Asks: 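A single structure is presented below for examination.
All values reported here derive from a predicted model rather than from experimental measurement.
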Amino acid sequence: MALTNTIITSWKLQEIVAHSSNVSSLVLGKASGRLLATGGEDCRVNIWAVSKPNCIMSLTGHTSPVECIQFNSSEERVVAGSQSGSLRLWDLEAAKILRTLMGHKASVCSLDFHPMGEYLASGSVDSNIKLWDVRRKGCVFRYKGHTQAVRCLAFSPDGKWLASASDDSTVKLWDLIAGKMITEFTSHTSAVNVVQFHPNEYLLASGSADRTVKLWDLEKFNMIGSSECETGVVRSILFNPDGSCLYSGSENTLRVYGWEPDRCFDVVHVGWGKVSDLAISNNQMIAVSYSQNNVSWYVVDLNRVKKSGSVIQGLIQDKPIPAPTSALGSTLRRNYERPTTSCTGQDPEGERRSPSSEDEKEDKESSAEITNPEDYKEIFQPRSAICEFYLHKIRLDNFHTCCFTCATVYNLILTSPSRPVVTTTKPKPSTGIILSTRNEPIGLNAGDFLSHARNAKASVMGDEEALAQIRKGHDTMCVMLTSRYKNLDTVRSVWASGDVKTSLDSAVSMNDLSIVVDVLNIINLKPSLWKLDLCTSILTQIEELLQSKYESYVQTGCISLKLILKRFWPLISDTLTAPPSVGVDITREERLKCKACYKQLKNLSNVVKNRAEQVGRHGSTFKELQLLMAPLYY
């Protein structure tokens, strides 16, 4: 009997009991597709990880059912809105409450984080949309226009627009800077449940209870596509990360759409019931749904899903549709200019504000209970471990340098006509962690530094005695290296909290350029760690590095300045030349930082110009920096 091979495209991954009462909301972390936050009628927010059976963290503080949840883009924070109209914001890495925001008169049913991090939008059953400054705990703007509950909110990738979907069957587009509505889309015939921006192009997609998905051109502000009626209400939509197609989740079905011309590439039948959210990780779609107090995970293998090519069915017309020239469509549109800096949610004056008595009362009522420490550490603290490794490596390298320096100095001291010439060999760079079981100083033989008459005594010397003999006459060097070690250890303890800016500020405050160089070398290894906040703290130090007599300092300063110019000069230039805002001044803090950076870069340009005229090892590097800083000379 012949066997038939069945290709499995989707499957149920796991099912959990998420709350002690009914689940009322949930959301997936879009960056990783690995994290899930669930809200329940038990007033709790629980944090889960894919394939982990137990809850990682349980967040309390709300006194009414949690109606909506949202992660920020880095998945380090989560905000939850309740039936009473309050919002609570938690820091998942620090495992504590950050903010409690009050203002809505009815249940909060939609949330989204601004791409730059310092703003948060919330929509309510009271039909109002509020924009919050999470640093100052205040509502900075209110958008009125919808007549019924606002079910979904989405910021554009460049952070300048906000799209809202409502039960009144409309999709509205708001300009945050102008403080007004740009346009309104009214083609849906029932409540609009979900809205999402294209990751690159000026396109917007919406899904509705009228069982259709519609696409809107954000340059001409017209509809460019609409699906035929699906099998059920459209509850979730998601663009492919490269923007080539759109996924639509309705009851038990996943559809893959293209546009211009409109087409449906594939239909996948999945038994997920009323799907609530979608995310993509490693070319697999992760989907979640809930029923009563249970939550289920589903996986769709996107390698086995058609995302281009032959058409399954037409979307608008019944006549044959010509094959498209590209999966992205033939129309060229503007792309978003994504922000190159982000805010960590701190006050511009320094650390987070000291809470008032009212804040302290709210914080006492809220908590973040880590229910699974091992999973929590694995998911929320990997960066701290990486940073600790780099700083440990610096300390280890400094120890090697210290040993080699001491050996060389002693070699010179012990070389005399009455003593044989003692030669030492520089230890090879370490390729791994040095085991603590080794009982001799690395790269040294204590007996080589003693006269032959004392070799017998040296053979019974302990480690401390041998090291004391080596240190003789080098007290200044030992004090300097000990101080450097302590300073690095201080910076490491701050870095372990994940706050790069505070770590750099602490290094600067030590008035030791060697510590600043060590920290900059770490940051330069991963350029994505650079933020505009760091530039305002370090540019003055970079000016000192560029004029240092040590070549390694000059090299580190050049690399850091080059990264700053390449990553932030376009932002600084555009921000300072932009016209003033009429509505919410979302760029105020950024503009102040840009002004400070511009002033410091102007001072640096003179240093770079002088060094570029000199002949030397770094001459070509300074000439390259001079070209990058050319706009500052005019």
Side-chain angles (χ1 to χ4, degrees), residues 93-94 344 351 377 381-409 426-436 438 441-444 463 467 470-471 474-531 533-535 537-546 548-561 563:
E93 287 194 341
T344 57
E351 298 300 320
K377 187 173 181 179
Q381 296 182 327
R383 284 190 299 248
S384 300
I386 291 171
C387 297
E388 185 172 348
F389 166 76
Y390 279 125
L391 285 167
H392 172 74
K393 184 178 184 300
I394 287 175
R395 297 204 307 272
L396 206 59
D397 291 345
N398 288 338
F399 178 72
H400 293 164
T401 304
C402 173
C403 292
F404 175 65
T405 302
C406 291
T408 304
V409 172
K426 183 176 179 178
K428 295 180 180 179
S430 173
T431 57
I433 297 175
I434 298 174
L435 299 178
S436 60
R438 184 162 181 168
I442 305 304
L444 297 176
D463 290 345
L467 288 173
I470 295 170
R471 291 190 184 113
H474 301 290
D475 293 340
T476 302
M477 174 66 73
C478 290
V479 169
M480 182 189 72
L481 291 173
T482 301
S483 174
R484 187 174 181 184
Y485 172 84
K486 288 181 179 178
N487 287 340
L488 280 172
D489 201 48
T490 301
V491 174
R492 182 201 63 80
S493 63
V494 178
W495 191 295
S497 67
D499 192 339
V500 179
K501 185 179 186 303
T502 304
S503 303
L504 191 58
D505 288 342
S506 66
V508 170
S509 67
M510 292 171 182
N511 295 319
D512 185 347
L513 279 181
S514 65
I515 304 299
V516 174
V517 168
D518 286 337
V519 177
L520 283 177
N521 285 336
I522 295 173
I523 297 174
N524 291 341
L525 286 173
K526 190 177 181 183
S528 61
L529 290 175
W530 277 105
K531 306 296 180 189
D533 286 341
L534 300 187
C535 301
S537 301
I538 201 60
L539 281 172
T540 303
Q541 301 296 314
I542 289 177
E543 184 175 354
E544 292 186 41
L545 294 179
L546 296 183
S548 172
K549 62 182 180 180
Y550 301 113
E551 288 192 357
S552 61
Y553 288 16
V554 176
Q555 183 180 5
T556 298
C558 288
I559 293 172
S560 301
L561 182 57
L563 287 171

Asks: Could you tell me which non-hydrogen atom of V519 sits nearest to which non-hydrogen atom of A507, and how far apart they are?
Replies: CG2-CB, 4.0 Å

Asks: A side-chain contact here means heavy atoms from C-beta on lying under 4.5 Å apart; do L513 and E544 qualify?
Replies: yes

Asks: Does the pair D489/K486 count as a salt bridge with the N-to-O cut at 4.0 Å?
Replies: no

Asks: To the nearest 0.5 angstrom, please state how far the OG atom of S509 sits from the CD1 atom of I515.
Replies: 10.5 Å

Asks: Quick check for you: to the nearest 0.5 Å, what is the distance between L563 atom CG and C558 atom SG?
Replies: 11.5 Å

Asks: Please answer whether the main-chain N or O of V479 pairs with a side-chain N or O of S483 as donor and acceptor at a distance below 3.5 Å.
Replies: no

Asks: Can you list the steps and then say if L539 with E543 is a side-chain contact (heavy atoms from CB on, under 4.5 Å)?
Replies: CA-CA 6 Å; L539 281 172; E543 184 175 354; over 6 Å; no

Asks: In Å, rounded to the nearest 0.5 Å, how long is the span from CG of L488 to CG of L481?
Replies: 10.5 Å

Asks: Roughly how far, to the nearest 0.5 Å, is CG of L561 from CG of L520?
Replies: 11.0 Å

Asks: Mind checking the OG1-CG spacing from T556 to D518? Nearest 0.5 Å is all I need.
Replies: 8.5 Å

Asks: Applying the side chain to side chain contact (heavy atoms under 4.5 Å, CB included) test to K501, which of L529, L534, I538, V494 qualifies?
Replies: L534

Asks: Could you measure the distance from the CZ atom of R492 to the CD1 atom of I522? Nearest 0.5 Å is fine.
Replies: 11.5 Å

Asks: Heavy-atom distance under 4.5 Å between the side chains of W530 and N524, does that happen here?
Replies: yes

Asks: So N521 and L525, side-chain contact (heavy atoms from CB on, under 4.5 Å) or not? Walk me through it.
Replies: CA-CA 6 Å; N521 285 336; L525 286 173; 5.9 Å; no

Asks: Taking all heavy atoms of D505 and all of S537, pick out the closest pair and write down the distance.
Replies: OD1-OG, 3.0 Å

Asks: Set out, in order, the CA-CA distance, both residues' side-chain angles and the distance that settles side-chain contact (heavy atoms from CB on, under 4.5 Å) for M510 and T490, then state yes or no.
Replies: CA-CA 10 Å; M510 292 171 182; T490 301; 3.7 Å; yes

Asks: For the pair S548 (side chain) and L545 (backbone), establish whether a donor and an acceptor sit closer than 3.5 Å, ignoring hydrogens and angles.
Replies: no

Asks: Which heavy-atom pair separates L546 from G557 by the least distance, and what is that distance?
Replies: CD2-C, 3.7 Å

Asks: Quick one, Q541 with L504, criterion side-chain contact (heavy atoms from CB on, under 4.5 Å). Give me CA distance, side-chain angles, the key distance, then yes/no.
Replies: CA-CA 11 Å; Q541 301 296 314; L504 191 58; over 6 Å; no

